[in-house]
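For reference, the structure discussed in these notes is given below.
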Protein chains: 2
Amino acid sequence: MVFTLSVEKGRTAMSTAEETAGGEMQPWAEVTPDAARRLLVAAVEAFAERGYHATTTRDIAGRAGMSPAALYIHFKTKEELLHRISRIGHAKALDILRTAARGEGDATERLADAVSSFVRWHAGGRTTARVVQYELDSLGPDARAEIIGLRRQVDAEVRGIIQDGVAAGDFDVPDVPGTTLAVLSLCIDVARWFNVDGPRTPDEVGALYADLVLRMVGAGK
Amino acid sequence: MVFTLSVEKGRTAMSTAEETAGGEMQPWAEVTPDAARRLLVAAVEAFAERGYHATTTRDIAGRAGMSPAALYIHFKTKEELLHRISRIGHAKALDILRTAARGEGDATERLADAVSSFVRWHAGGRTTARVVQYELDSLGPDARAEIIGLRRQVDAEVRGIIQDGVAAGDFDVPDVPGTTLAVLSLCIDVARWFNVDGPRTPDEVGALYADLVLRMVGAGK
DNA sequence: CCTGAACCTGAGCGCCCGCTTAGATCCCCC
DNA sequence: GGGGGATCTAAGCGGGCGCTCAGGTTCAGG
């Protein structure tokens, strides 16, 4: 939808398009072998439901239809599972934002695009997003430091769009870093409250939030 | 600040004023006996740092300067500690919003007041707010149901202000429930990212967020 | 000075945790 | 058809968990 002309040379554009379009997503296709992927998906579900510390390795292995010991053939520790999940999830989130930030259109269009697709991902993939966004503290120091680096890139991407809008005179933002923080906070928290059985679809929430964010930055005055 | 004329007959107004004024808060004064309060404060700190499931009863008792067994004289289970913390915290949050919602002034002033004081509480009392807002799932079904009831009242309070503003023609809000959700989500998530050693004070974040929320509801067009 | 209630501790019970090890099974290539 | 690496399981180890209990300490009231 964004890369209409350069779709052939866009490596990431294709893989992104097929997932932001569909409701459910399988971003774990890159994980091999098959048994490792099943364990990882089981871990995402368990972590999202009960939290990292309340989840047992026996539960994860059980969901994947394996014995507890099988887990340790593919992953060194329980924490490595969380680390892998977190890294893949953050890479995906960053990819979504980059695609929107570097698309065509003015700052208003790009910000609306970024927010709506970012929110869609948090709502539609709530299970994954919840683990990715809220289990950061359960990682050890090294892994956490790596993930925090990715988060800084996420922040820079959004701040870049807002700065563009201010520079072009499209936005009215007194505090750019603070507003960036608030916009990201708003989007991320969707993973906490969004309910699949609730009244809103991910698309609707994405549209609502894009509108609210444009108001926050004073677009279209 | 809000009840200037009816301060004498306002039961809740006094206890609220002295806490929203000061930076640090001790809303645990009502908990007796003294040993129980010390255990409860220790539990708040431990839960906020490591999460409910990663906190051991030995850690809580140790922080309070007691043996693990002492905990069970004052609380039946570890979960009862979280329940008590959550109930007191939610009552406090609701009290803050009610005070702002029922104050004087038009909808714009009351919404700004509600958001800034609510955000100040989440930032200044981040330790408590974090436990209150993010450890809900660790409660059992009965306790969780009770807390969810309090959250609905919180939601109703904010929705009421926004509806007043729309009815008076001060706000421009296409989706009142959705915007209410977003406003509360924005405020609550402060407890996740706010850093005491960071560049912003709770007052500054409160002022920034009040401005952003007024933009979201289209006030002052 | 004694009593009994309130409070707290040392020791530890039973359980389940993350993780390991020895060996069975599968499947591909020769 | 048989050797060998990859994959999985049954069994269990050491340890820390939530929680309990018998007994010590404190202190107000008689």
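Chain identifiers are assigned alphabetically (A, B, ...) following the order of the sequence lines, protein sequences preceding nucleic acid strands; residue numbering begins at 1 within each chain.
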Problem - Base D/dG16 paired with B/Arg58 side chain (donor-acceptor, <3.5 Å) - result: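 No such pair is found, so the answer is no.
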
May I have the distance from [X] (atom [atom1]) to [N] (atom [atom2]), rounded to whole angstrom?
X: B/His74; N: C/dC7; atom1: NE2; atom2: P; value: 6 Å
X: B/Ile73; N: D/dT25; atom1: CD1; atom2: P; value: 16 Å
X: A/His53; N: D/dG16; atom1: NE2; atom2: C1'; value: 14 Å
X: B/Lys78; N: D/dG18; atom1: NZ; atom2: P; value: 4 Å

Exercise for the section: Between D/dC8, C/dT21, D/dC19, spot the one nearest the side chain of A/Ala35, thanks. Expected result: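 Closest of the options to the side chain of A/Ala35: D/dC8.
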
Handout entry: OP1 or OP2 of D/dG18 under 4.0 Å from side-chain N/O of B/Thr57
Key =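 So the side-chain polar atoms of B/Thr57 do come within 4.0 Å of the phosphate oxygens OP1 or OP2 of D/dG18, strictly under.
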
Handout entry: Distance below 4.0 Å between B/Tyr72 side-chain N/O and D/dC19 OP1 or OP2
Key =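 For D/dC19, OP1/OP2 do have a side-chain N/O of B/Tyr72 under 4.0 Å.
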
Exercise for the section: Pick base, sugar-phosphate or nothing for A/Ser67, based on heavy-atom distances below 4.0 Å to the nucleic acid. Expected result: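 Contact class for A/Ser67: base.
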
Problem - Shortest non-hydrogen separation from A/Glu80 to A/His74 and the atoms involved - result: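 Shortest heavy-atom contact: OE2-O, 4.3 Å.
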
Practice task
Give a yes-or-no answer on whether the side chains of A/His83 and A/Glu146 include a donor-acceptor pair shorter than 3.5 Å.
Solution key: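 A pair is found: one side chain offers a donor N or O, the other an acceptor, under 3.5 Å apart.
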
Exercise for the section: Establish, from distance only, whether the side-chain atoms of A/Gln133 and A/His122 form a donor-acceptor pair under 3.5 Å. Expected result: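 Yes, side-chain donor-acceptor contact under 3.5 Å.
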
Handout entry: B/Asp189 with A/Arg192: basic N within carboxylate O range, under 4.0 Å
Key =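 Salt bridge absent between B/Asp189 and A/Arg192.
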
